[in-house]
Amino acid sequence: MTLYLHNTLTQQKEPFAPLDPNRVTMYVCGPTVYNFVHIGNARPVVVFDTLFRLLNRHFPNVIYARNITDIDDKINNAAKENGEPIRVLAERYADAYHQDMGQLNNLQPTLEPYATDNIDAMIEQIQALIKNGHAYEAEGHVLFQVSTDKQYGKLSKRNMDDMIAGARVEVAPYKKEPADFVLWKPSSDDLPGWDSPWGRGRPGWHIECSAMINKHLGKTIDIHGGGMDLIFPHHENEIAQGTCCHEHGNEQFVRYWLHNGYLNIDGKKMSKSLGNFRTVRDLLQEWPGEVIRYALLTAHYRKPLDFSGDLLSSAKSALDRLYGALRESAVTVDSGVQHPQLDELEGYLLDDLNTPQALSVLHALAGEINKTTGAEKAKLQSILRKAGSFIGLLNQDAEAWFKWAPASSSGGLSDDAIEQLIQERIDAKKAKNFVRADAIRKELKDQGIVLEDSKEGTRWTRE
RNA sequence: GGCGCGAUAGCAAAGCGGUUAUGCCACGGAUUGCAAAUCCGUUGAGGCCGGUUCGACUCCGGCUCGCGCCUCCA
């Protein structure tokens, strides 16, 4: 089976084959750690985590790198406001990021380079760009001269003239040409800075990714991912830096460019600048992380996804159905099990990560599980567990899932109190005191606890 | 102005030139002391106008509406 991926460069689905069949390289733009990430930031993480899982199933050695941007003017500003060192602030939000992404069942990438650990690589790349005639120094800045790169614009499909005509930014006086962008900028004494051939300063935004890719993954990588809003200018500039820094300037920098669509609120892009965002951290107070992940996977990754409370609540209901089929099943994934529907599911994922269709296979399996019993049921349950693991879902105990309580409802009934009432109800039922039994059912229902009687006894779930 | 994306049932969201997507919700039935869960079933679709075709939600053209990038942004 062949993996097909939509490549932004060609705007087509292409069969994927790594440059080196024994080593797949993937780089995804990570967060700038100056704040809690919002749910829109989580989309690419979940999308590329799903791709990482898929690649791991098909290739022996997948190197997945996702950076942490821990030097940036937004960080500087936030640290100044808080009156704390940037490193402290950056570390705090990097930790929070790891926690939040872990809650969404994202695997840790193979490598997680920090910008501040790679300043030397950036300086080296900038020096190479100057040497090759693609960059120049001006007033303590180093700028990339866009006109020297004949392929500039090939990713975002725009040409220089249009860009200059539509430019809405004031052109800095030290720029030779309006489209030139900063590789290095000077730092005043109160700002973080590093010694460089051009004086004490700090890197521009785009250089870290191309420098770290070169250093940690190589001259040419297979896959580079990120949100669509990074296509221009960030990724376009990365291509310019990552190719022009080499002698011939014609090596391919990235072979497959992948971009996920936006997460919208009321039809409009969620973004920090618009202020219409919800942080993952806040959402995790109200919903299990798995619900958030499921919600993000309900739409194809290149399509816009409108985010809402309804989306989460139907994701929750859908997961209830899946976990309902997994009651009394082992949590472990048996990697040896095989089933035609696993192949079907894999086929959908191999087709440019069609997660909505992949989810439909999980539901088909759940339906079959609910119709069978005994060994056949147990087998299908292990198939469903494995299917879930393909996309990072269904990795917890079913009873734990149904008993999950939001952190925001700390005043609710404890598990013990619930069990006690259930016992009281069982006694009442034995005594044929159905009035009392129903009163207890109602009392619990009012607190969001639903009881289910079955041959095996009574179990409960939180709504 | 340049470049790009989208429009599917109450909601969300896929595939597909002719045959049930799927999930949530709603309704009916089975089951249940009552419920819940589950199963069975039902309703309901493809922005508008043309074209191609034996046949189009699916291909082509136009229109309308919505959105995005061109500035920090996933």
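Proteins get letters first, then strands, A, B, ... in listed order; numbering begins at 1 in each. Values below: every heavy atom of this structure, side chains too, minus hydrogens, waters and symmetry copies. Fair warning: this is a prediction, and the values are worked out from it, not measured in the lab.
- Positionally, the nearest nucleotide of RNA chain B for A:Arg425 lies more toward the 5' end than for the other of A:Gly267 and A:Arg425.
- Spacing of P atoms, B:G46 relative to B:C54, comes out at 24 Å, to the nearest Å.
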Give the intermediate values and the outcome of salt bridge (Lys or Arg N to Asp or Glu O under 4.0 Å) for residues A:Asp73 and A:Arg202. CA-CA 10 Å; A:Asp73 287 349; A:Arg202 58 196 197 281; 2.9 Å; yes
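- Annotation: B:G6 and B:G55 have their C1' atoms spaced 27 Å apart (nearest Å).
- Taking the P atoms as reference points, B:C25 lies 42 Å from B:C63, given to the whole Å.
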So what's the dot-bracket for RNA chain B: Watson-Crick or G-U pairs under 3.5 Å, [ ] if a pair crosses, | if it pairs off-strand? (((((((..(((.....[...))).(((((.......)))))....(((((..]....))))))))))))....
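- A close approach under 4.0 Å does occur between a side-chain nitrogen or oxygen of A:Lys268 and OP1 or OP2 of B:C67.
- For the pair A:Arg43 and A:Tyr301, the cation does not sit on the ring face, since its NZ or CZ is not both under 6.0 Å from the ring centre and inside 45° of the axis.
- For A:Met270, whose side chain is taken as the heavy atoms from C-beta onward, the closest listed nucleotide among B:A74, B:A13, B:G4 is B:A74.
- In this structure, A:Lys445 reaches neither bases nor backbone, as no heavy-atom distance under 4.0 Å exists between it and the strands shown.
- Within the nucleic acid shown, A:Leu311 comes within 4.0 Å of sugar-phosphate atoms alone, with no base atom in reach, counting heavy atoms only.
- A distance of about 15 Å separates the C1' atoms of B:G41 and B:U31, rounded to the whole Å.
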Can you give me the N/O atom pairs linking the protein to nucleotides 39-43 of chain B at distances under 3.5 Å, or say none if there are none?
unit_1 : atom_1 : unit_2   : atom_2 : d
B:C39  : OP1    : A:Asn370 : ND2    : 3.4
B:C40  : OP1    : A:Lys371 : NZ     : 2.9

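- Phosphate contact (OP1/OP2 of B:A74, side-chain N/O of A:Lys269, threshold under 4.0 Å): absent.
- The side chain of A:His38 approaches B:A74 more closely than any other nucleotide in the set B:A74, B:A14, B:C72.
- Nearer to the 5' terminus of RNA chain B, by closest-nucleotide assignment, is the contact made by A:Lys157 (compared with the other of A:Arg327 and A:Lys157).
- Nearest heavy atom pair, residue A:Gly388 against residue A:Leu362, reads N-CD2, 4.1 Å.
- The ring pair (Phe, Tyr, Trp, His ring centres under 6.0 Å) analysis of residues 354-405 of chain A, with sequence neighbours excluded, yields the pairs A:Tyr323-A:Trp401.
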